[in-house]
Amino acid sequence: MKRVIIISLFLLFAGRLTSGVRLEGYYENTNTLDGNIRWYLAEPHHNIEFRFLGQPMGGVEAFLKFHAESDKLFNNNLAQRYTLYDMVEAHARFRWEKGLEFVLFSRENRFWFPQGLMELVSQWTVNDNGNAQGVRADFWNIWKLHGLFIYSDYSQSGGEDATITRWSLPLLSDRFRLSSTFARKDWNGSSNNHNDVVSSDIYFSLGRTLSPLRHFGDFDCALELARSRIPDEDKDSKNSALKAEIRNLRVGPVEIKFAYREIGENFRSYLSSDYDQGQKYNESGYNINATYFFPTKAVNITTNYDRYLAPVSRGFPVSETNPAYIYQSWYNELYIEFIHDIRYKLYYRWYRGWDTNYDAYRVYPTLFNELSFENFLAKVRLQFRWKDIGTAYELQAFGFELNANLTHNWKLYTRAVNVNETSESRQTVFVQFQYNGWSNTDFFIEFGNPADSDNDLTNDDDFVNCSSSSEISQQVKTYIRVYF
């Protein structure tokens, strides 16, 4: 399904849209001062975006987003100019309020939907790095059924297609629910090269259904069974998966969850990050989670224990040369909220598993502290993370984050992380000033690389881990963005 379909549908309603179309967007100009103390004022980066939204009639909507950018420099080559013109997103939507919505889309992420206990479809996998296009139909309250159908064409992956369906039948005021999911990935348009996954799941709220159990909370029980299939696969292939869960079970001030999983060695869902690149197959294990809520206090204590059995090489069966090992993770957290918006978080994570570098079981403990406080002037976060204590990978990471209102129009945001290892240390700093004094305009001045610590400071393993190497980015950027 090509993008031209989306554009054609948009043009189909163009006559009706002209009376109610809304045009909006922005223009952005970026200038850089690099490490050689040189301003590229004569060579700014230009970025412009147009968004068209029209509703020609009730229940019908059309949307188009165009983007263009230009830069005199391309890979620091003054002789080659960089330009890009692209249709970023588009959709045509038809909605019937009594129970049906139909959307044709291009380069939009319309792949999220509620699933069972297993994530058989990952929206960022099906999205094809933002280039997928297709059709989605949702229905509800049709003979009590709820569900959806999605067909997606991968525009950058050699003609791969995805077909997804899910339906759900809620009963007893949604205290009992039956559901099923079908996911299929086709490669290169061939009917003999595909991966099918079918699952059925059931949910039952014992606490909301049986009065003697109401003092145990909702006491929810869920079970999901799934099976995958590829052509020419052996009939006795271990391609099934099972997950079961009891959650929202209250025993006094304690809330408990139990979960069990058994995923076959040949179970695959190539529309899922978990059961493809994530390699969460060929394993069996269980999880126990408990949270203690202190009565009348804003204090919670959480403990989580996870244990599973799996071989080192997940793609091969368990054997003498590929034995299964036990992996354990124990997480304990204390969270406290004080008066005057002061919050404290402490956790200790203990992990034990087979380490192929040592050909032995190894233990990797981590300790984390966070203190945050805020008022109408500023919000501050302080973090300390002591990772892999007592091992060759041991390190300490310190993090600081500040978001402050300097004046009515000026705001300051800054964060910094310092990592100390046995043999080296590294730092990153990011500073941003924002001015809000102009109508429909944002103005920013930035120093440093914002990507170094953007995933929760010291928990950003891309920067913190021992294998990382980075220096403070010696550059200043100015952004001015005008909205229209």
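Below, each value reflects all heavy atoms present in this structure, side chains not excepted, and no hydrogens, waters or symmetry copies.
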For atom [atom1] of [X], decide whether the heavy atoms of other residues, nucleotides or ligands shown that lie under 6.0 angstrom number more than 12.
{"X": "F316", "atom1": "CZ", "value": "no"}
{"X": "W330", "atom1": "CH2", "value": "no"}
{"X": "W386", "atom1": "CH2", "value": "no"}
{"X": "F376", "atom1": "CZ", "value": "no"}

Under 3.5 Å side-chain donor-acceptor pair for [X] and [Y]:
{"X": "T458", "Y": "Q383", "result": "yes"}
{"X": "S473", "Y": "N449", "result": "no"}
{"X": "Y393", "Y": "E421", "result": "no"}
{"X": "S205", "Y": "D220", "result": "yes"}
{"X": "Y335", "Y": "E333", "result": "no"}
{"X": "N436", "Y": "Q434", "result": "yes"}
{"X": "S453", "Y": "R415", "result": "yes"}
{"X": "T391", "Y": "E394", "result": "no"}
{"X": "S273", "Y": "Q277", "result": "no"}
{"X": "N465", "Y": "K387", "result": "yes"}
{"X": "N239", "Y": "E233", "result": "yes"}
{"X": "T303", "Y": "N332", "result": "yes"}
{"X": "E69", "Y": "N47", "result": "no"}
{"X": "D161", "Y": "H194", "result": "no"}
{"X": "Q396", "Y": "N420", "result": "no"}

Run the ring-centre check on [X] versus [Y] and record whether the distance is less than 6.0 Å.
{"X": "F294", "Y": "Y292", "result": "yes"}
{"X": "F384", "Y": "F398", "result": "yes"}
{"X": "F105", "Y": "F111", "result": "yes"}

Q.
Show, in sequence, the C-alpha distance, side-chain angles and deciding distance for E265 and R314, and conclude whether the salt bridge (Lys or Arg N to Asp or Glu O under 4.0 Å) test is met.
A. CA-CA 7 Å; E265 67 183 54; R314 295 292 190 100; over 6 Å; no
Q. Only one of Y275, W187, Y281 forms a ring pair (Phe, Tyr, Trp, His ring centres under 6.0 Å) with Y270, so which one is it?
A.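 Exactly one candidate clears the test, W187.
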Before accepting this row, confirm whether a basic side-chain N of the pair [X]/[Y] lies closer than 4.0 Å to the acidic partner's carboxylate O.
{"X": "D196", "Y": "R184", "value": "yes"}
{"X": "D306", "Y": "R261", "value": "yes"}
{"X": "K280", "Y": "D274", "value": "yes"}
{"X": "E255", "Y": "R247", "value": "no"}
{"X": "D201", "Y": "R166", "value": "yes"}
{"X": "R136", "Y": "E101", "value": "no"}

Please round to the nearest 0.5 Å and tell me the distance separating atom [atom1] of [X] and atom [atom2] of [Y].
{"X": "L242", "Y": "S199", "atom1": "CG", "atom2": "OG", "result": "11.5 Å"}
{"X": "Y203", "Y": "E245", "atom1": "OH", "atom2": "CD", "result": "11.0 Å"}
{"X": "N300", "Y": "I336", "atom1": "CG", "atom2": "CD1", "result": "9.5 Å"}

Where does the angle between the aromatic ring planes of [X] and [Y] fall among parallel (under 30°), tilted (30 to 60°) and perpendicular (over 60°)?
{"X": "W354", "Y": "Y325", "answer": "parallel"}
{"X": "Y327", "Y": "Y308", "answer": "parallel"}
{"X": "Y331", "Y": "Y347", "answer": "tilted"}

Q: Run through K345, R343, R381 and flag the one making a side-chain hydrogen bond (donor to acceptor under 3.5 Å, both in side chains) with E370.
A: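 With E370 as partner, K345, R343, R381 yield a single side-chain hydrogen bond (donor to acceptor under 3.5 Å, both in side chains), made by R381.
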Q. With F444, which of Y435, Y413, Y479 fulfils side chain to side chain contact (heavy atoms under 4.5 Å, CB included)?
A.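 That would be Y479.
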Q. Is the NZ or CZ atom of R352 positioned over Y361's six-membered ring, under 6.0 angstrom from the centre and within 45° of the axis?
A.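 Positive - R352 is close enough to the ring of Y361 and near enough to its axis.
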**Q.** Face-on cation placement of R250 at F216 ring, 6.0 Å and 45° thresholds
**A.**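 Not flagged: R250 not positioned over aromatic ring of F216.
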Q: Using a 4.5 Å cut-off on heavy atoms from C-beta on, say whether the side chain of R110 contacts that of H91.
A: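 Result yes, sub-4.5 Å side-chain heavy-atom pair found.
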